[in-house]
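Just so you know, residue 1 is the first one in the sequence shown, and it goes up from there. As a basis for the values below, the full set of heavy atoms in this structure was taken, side chains included, without hydrogen atoms, waters or symmetry mates. Atoms within each ligand, like the ligands themselves, are counted from 1 in listed order.
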Amino acid sequence: MTSTATDIGNFFHQRTGPLTRELLREPGGFGLGQVPGSLKPDATTTSICGYCSTGCSLNIHLKDGQAVSLTPSTDYPVNLGMACPKGWEALAVLDSPDRATIPLLKDESGKLQPVEWDLALRTFSEKFKTIQEKHGTESVAFLSTGQMPTEEMALLGALAKFGMGILHGDGNTRQCMATSVVSYKQSFGFDAPPYTYQDFEESDVIVLIGSNLCIAHPIMWERVMRNPHSPEIIVVDPRMTETAMNATQHLPLAPKSDMALLYGVARILIENGWVDADFIAESTNGFAEFSSYVQNYSLERVSSETGLPAAEIERFARLIHEGKRVSFWWTMGVNQSYQGVRTAQAIINLALMTGNIGRPGTGANSITGQCNAMGSRLFSNTTNLLGGHDFGNDEHRKKVAGVLGIDEDLIPREASWAYHEIFEGILRGKIKGLWVVCTNPAHSWINQTQARDILDRLDFLVVQDIYHNTETAQMADLVLPAAGWAEKEGTFINSERRIGTLKKVRKAPGQALADFSIFKAVAEYWGCGDMFREWTSPEATFQILKECSRDTPCDITGIEGYRMLDEHGGIQWPFAGGGVSGEGQREENGGEAESFPCPSALTSLPSQQRRLFENGKFYHADGRAKFLFEDPRPLTEPPSERFPFVLLTGRGTASQWHTQTRTKQSAVLRKLYPKNAYVEINPGDARRIGISHNSRVIVESQRGRILASAFVTHGVQPGQLFVPMHYEPVNQLTDAVFDPYSKQPSYKACAANVIPAA
Ligand SMILES: Nc1nc2c(c(=O)[nH]1)N[C@H]1C(S)=C(S)[C@@H](COP(=O)(O)OP(=O)(O)OC[C@H]3O[C@@H](n4cnc5c(=O)[nH]c(N)nc54)[C@H](O)[C@@H]3O)O[C@H]1N2
Ligand SMILES: Nc1nc2c(c(=O)[nH]1)N[C@H]1C(S)=C(S)[C@@H](COP(=O)(O)OP(=O)(O)OC[C@H]3O[C@@H](n4cnc5c(=O)[nH]c(N)nc54)[C@H](O)[C@@H]3O)O[C@H]1N2
Ligand code: SF4
Ligand SMILES: [Mo]
C-alpha cells in the first residue's frame with residue numbers, strides 16, 4: 001500500500017545514506033516535494049498525455065497544489081478539446097496498490113523484499129560492476145522506452161553509454177518504429193516524418209495502410225472526421241477494422257502482400273502517365289530503375305498475390321491520380337513485418353512519384369505509437385547518438401562530446417546491438433546484466449516463452465517501473481520504483497514532430513522517484529556523477545539537448561525553454577529560430593560536410609502547423625529522395641496443415657494500452673474492454689470447427705497454446721485469426737522473425753490453429 005509523505009520523510013531521515021539525502025533535497029528530486037513553485041496551488045496547468053503519440057494536451061486542475069481532475073485542452077493545435085478514454089482516465093490509473101513505492105531486492109529465498117534506496121543503489125552498482133569486471137563492460141545492457149520524457153531518455157542513454165561503459169542499449173521503439181526510422185533514413189536521408197496533423201483535414205484522398213486509427217489514434221481519427229473535403233478514405237488492412245468500416249474503400253489484402261499491391265499501383269500510375277514528372281526529375285533519384293522494376297507487377301499477378309479484385313486495385317490507383325492532395329499514412333501493419341522497410345518505402349515511392357509530399361494534405365507519413373517514440377528516435381542515445389547523430393561518425397562524436405564537455409573517447413564508435421541481438425547476447429552468455437526501464441518485455445517481446453527463458457538466464461535483472469508487479473518486474477532481482485506521468489516533468493515529441501511539456505502535478509507515492517532522479521542517483525553511486533553536473537533538472541537537460549541538435553535536420557535551438565513550448569501550443573522540429581540560416585551541416589557516411597536544407601527553420605516565431613520538404617529538398621547530400629525497392633518475400637511461416645490459419649495481432653480497443661499495467665488500474669477503462677483474451681475468427685471457419693460465439697477455445701502455434709474466448713466476426717477473413725496484444729499470453733504464439741534492415745519484430749503474421757477448449 002502507498003505510504004504517506006510523512007512516513008517517507010521519516011524513513012529517509014532515519015535510514016538513508018548521505019548521498020540519498022542530498023538527492024532528496026534536489027528540486028524535482030525524490031518526488032516528495034510540492035508541485036513546482038511556478039504553479040499556483042489552485043491553478044490549472046497543462047500536460048501532454050502520456051499514452052499515445054497523438055500528443056493531446058490535457059488541462060490539469062489543481063487543488064492545494066495537487067491534481068484533482070483533468071479536461072482536454074480546447075486551444076491546443078493537436079486535440080482541439082478532445083481526448084480518448086485513456087486520456088480522461090490518465091490520473092486515475094496512478095492511484096493503485098500495484099504502484100511501486102519502495103525499492104525491492106530479491107533475498108536469498110528468491111523473494112522480493114523492500115529495501116532502502118541506499119541499499120538498492122549500492123547493490124545496483126556493485127552487481128553491475130562485478131559483472132563488468134568479470135565479463136567485460138559490454139556484459140551489461142539496458143532496454144528503454146518511447147514512453148519517458150526526452151530528457152530522461154537522454155540522461156539514461158548518456159549515463160549508460162558514457163558513464164557506465166555500457167555499449168548495448170535498445171528500446172521498445174524497436175518493436176514499433178525501427179522500420180519507419182530506417183525507411184526514412186534510406187529514402188530521405190534523415191528520420192523525418194514530414195507531416196502535420198492539419199494534413200488529415202486538408203487531404204482529399206487519405207490512404208491508411210496497416211493503421212487502425214479509430215482504435216489506436218482516436219483523436220487523429222477525429223481530425224480526419226473534421227476534414228471538410230469529403231475525402232476518399234482508403235484503408236488497406238486484412239481485417240475489416242473499425243477504421244475500415246468508415247472507409248470509402250477497404251482493401252482487405254492477404255497479410256504481407258502490401259508490396260505487391262503498392263508496386264502494382266505504381267505500375268498502373270506509370271502506365272497511365274499519372275506521375276509528377278517535374279517533381280521526379282528535380283527531387284528524386286532512381287525512378288527509371290523503379291519504373292522498369294514495377295513492370296513485373298501485372299494486374300493479374302497483383303490480384304492473385306493480394307487476393308483483391310483487379311477492379312479494386314485499379315480503382316485505388318485512379319483515386320490516387322484523381323486526388324489533388326493525397327496523403328499516405330502507415331503504422332504497425334507495415335512496420336511489424338519481416339519486410340517492413342521495403343513496404344514502407346513502397347508507400348514512400350507512391351508519394352514521391354505523384355509529387356504528394358511537401359504540400360498541404362499530402363505526405364508519406366509514418367504514424368508513431370508511444371507518446372515519445374519520436375523523442376526516443378532522436379535523443380535516447382540508443383540507435384542514434386544524441387540528436388540524430390551517428391556513433392560511427394568522428395565529427396558527430398566530437399560535436400556531442402564538446403556539448404557535453406566529456407572526453408570523446410567515452411562515446412562508443414559503434415551502434416548498439418538491436419533488441420533481439422541483446423536477447424541473443426544473453427543466450428550466448430555475452431550479456432549477464434540487464435536494466436529494463438519503462439517497458440515490459442516479458443509480456444510484449446516476441447516469442448514469449450523463449451524471451452522469458454532468456455531473461456531468466458541473467459545474473460542480475462533490474463526493472464524500473466511505476467508498478468511493482470509487471471510481468472518483467474516479477475522476474476527482477478531489483479525493482480526500482482519510478483514516478484509516473486503527472487509526477488514529474490519533461491517533454492514529449494509527438495507524431496508530427498511537436499514538442500510539448502508535461503508537468504509535475506502530484507506527488508509520487510511512497511519513495512517512488514522520477515526516472516530522472518533515479519538516473520542521477522545511479523550516476524552518483526556509480527561514481528560518474530560529475531559527468532552530469534550540468535544536468536541539474538529536466539529543463540537544464542533540455543538546454544543541453546538543444547545544443548546537441550544544432551545544425552541538424554531536427555535543430556531545436558530556437559526553442560527558448562519549456563515556457564515557450566507552452567505559449568505556442570508546442571513547437572514542431574525543426575525550429576532553429578531567427579538569426580540561423582536555413583542551411584545546416586551534416587555529413588553522410590563520414591564524408592565531406594554537406595549543407596542540407598533545414599525546412600522552415602528560418603522563422604523566428606513558430607507557426608502551429610509546419611511540414612517538411614516544402615522546397616522539394618531532402619536530406620541526402622544531393623538533396624534528393626531515393627526510390628528503393630526489392631522483391632517481396634513469402635510469409636516467413638506460411639499456414640500448414642497443422643497450423644492452417646494466419647494469426648494477426650494488434651490493438652484491441654481504444655481503452656487498452658499495451659501490456660495493460662496502466663489501463664487495467666481504471667475501473668472506467670476496465671468496463672470498456674473484454675476482461676479476458678479473445679480471438680477474432682470468421683463465421684465460416686467457426687462453424688466448420690464447431691466454435692460458437694463466446695465459447696472457450698485454444699489458439700496454438702508452434703511455440704505455445706493459449707486459452708481465449710471466440711469472437712466470431714466477419715471482420716476477419718476466412719483463414720485468418722486476430723488476437724489483441726493486450727493479454728499476457730499473446731506473445732507465446734508469435735514467431736521471432738525480424739526485418740533484416742530495421743531488425744523490427746514481425747508480430748503481425750505467423751501460422752496458428754484454433755480448436756474448441758475441452
Ligand atoms: N488504444 C491503444 N492505442 C494505441 C496503443 C495501444 O496499445 N492501445 N499503442 C500505441 C502504439 S505504441 C502503436 S505502435 C500504435 C499502433 O497502431 P496501429 O498500427 O494502428 O495498430 P495495430 O492494431 O497494431 O495494427 C494496425 C493494423 O495492422 C493490420 N495488419 C496486420 N497485418 C497487416 C498486413 O500485412 N498489411 C496491412 N496493410 N495491415 C496489416 C492489423 O489488422 C491492424 O488492424 O498504437 C498506439 N495507440
Ligand atoms: N503480439 C504483439 N506484440 C506487440 C505488439 C503487437 O502489435 N503485437 N506491439 C509492440 C509495440 S508497437 C510496442 S510499442 C510494445 C509495447 O510494449 P511495452 O513497452 O512492453 O508495453 P507497455 O505496457 O507500454 O510497458 C511500459 C511499461 O512502463 C511502465 N511505465 C509507465 N510509465 C512509466 C514511467 O514514467 N517510468 C517508468 N520507469 N516506467 C513507466 C508501465 O507500467 C509498463 O510496465 O509492444 C509490442 N508488442
Ligand atoms: S488519443 Fe492518445 S494522446 Fe490523445 S488522449 Fe488518447 S491516448 Fe492520450
Ligand atoms: Mo508501438
Measure the distance from [atom] to every protein heavy atom, then report the residue, atom name and distance (to 0.1 Å) of the closest one.
| atom | result |
| --- | --- |
| atom 16 (C) of ligand 2 | His658 ND1, 3.4 Å |
| atom 29 (C) of ligand 1 | Asp237 OD2, 3.2 Å |
| atom 36 (N) of ligand 1 | Asp258 OD1, 2.9 Å |
| atom 1 (N) of ligand 1 | Thr653 O, 3.0 Å |
| atom 47 (N) of ligand 1 | Ala216 O, 2.7 Å |
| atom 8 (N) of ligand 1 | Gln656 O, 2.6 Å |

**OP:** Give yes or no for whether the N/O distance cutoff of 3.5 Å, strictly under, is met between Ser257 and ligand 1.
**Re:** no

Original post:
N/O of Gln370 under 3.5 Å from N/O of ligand 1, yes or no?
Top reply: no

Numbered atoms and elements of ligand 1 in range of [X], under 4.0 angstrom, heavy atoms:
| X | value |
| --- | --- |
| Ala654 | 1 (N) |
| Ser211 | 20 (O) |
| Lys256 | 32 (N), 33 (C), 34 (C), 35 (O) |
| His726 | 7 (O), 8 (N) |

For [X], which part has a heavy atom under 4.0 Å from ligand 1: side chain, backbone, both, or neither?
| X | value |
| --- | --- |
| Lys86 | side chain |
| Cys176 | side chain |
| Thr331 | both |
| Asn335 | neither |

From the options [options], select the one whose nearest heavy atom is closest to [atom].
| atom | options | answer |
| --- | --- | --- |
| atom 6 (C) of ligand 1 | Met177, Met240, Arg651, Gln339 | Arg651 |
| atom 39 (N) of ligand 2 | Cys750, Ser746, Pro724, Cys438 | Cys438 |
| atom 19 (O) of ligand 1 | Arg239, Met332, Gln175, Glu680 | Met332 |
| atom 17 (O) of ligand 2 | Cys371, Ser444, Gly171 | Ser444 |

**OP:** Report yes if some N/O of Thr734 lies less than 3.5 Å from some N/O of ligand 2; otherwise report no.
**Re:** no

Original post:
If we only count N/O pairs under 3.5 Å, is Gln464 in contact with ligand 2?
Top reply: yes

Under 4.0 Å between a side-chain nitrogen and a carboxylate oxygen: does that hold for [X] and [Y]?
| X | Y | answer |
| --- | --- | --- |
| Lys664 | Glu728 | no |
| Arg703 | Glu637 | yes |
| Arg239 | Glu680 | yes |
| Lys504 | Glu489 | no |

Original post:
Do the non-hydrogen side-chain atoms of Val302 and Val265 ever get within less than 4.5 Å of each other?
Top reply: no

**OP:** Under 4.0 Å, heavy atoms only, figure out whether ligand 2 is touched by the backbone of Ala473, its side chain, both or neither.
**Re:** neither

Original post:
At a non-hydrogen distance cut-off of under 4.0 Å, which region of Asp465 contacts ligand 2 (side chain, backbone, both, or neither)?
Top reply: both

What's the separation between atom [atom1] in [X] and atom [atom2] in [Y], rounded to the nearest 0.5 Å?
| X | Y | atom1 | atom2 | result |
| --- | --- | --- | --- | --- |
| Ser380 | Met153 | OG | CE | 6.5 Å |
| Ile209 | Leu262 | CD1 | CG | 5.0 Å |
| Trp435 | Leu156 | CH2 | CG | 5.0 Å |

Subject >> Reference residue Ser180; test side chain to side chain donor-acceptor pair (under 3.5 Å); the match among Asn335, Thr173, Thr368 >> reply: Asn335

Subject >> Plane angle bin for Tyr747 and Trp445 - parallel if under 30°, tilted between 30 and 60°, otherwise perpendicular >> reply: perpendicular

Original post:
So Thr243 and Asn212, side-chain hydrogen bond (donor to acceptor under 3.5 Å, both in side chains) or not? Walk me through it.
Top reply: CA-CA 6 Å; Thr243 314; Asn212 189 5; 2.5 Å; yes

**OP:** With ring pair (Phe, Tyr, Trp, His ring centres under 6.0 Å) as the test, would you mind laying out the steps for Phe200 and Trp221 before giving the verdict?
**Re:** CA-CA 8 Å; Phe200 282 122; Trp221 178 253; 9.0 Å; no

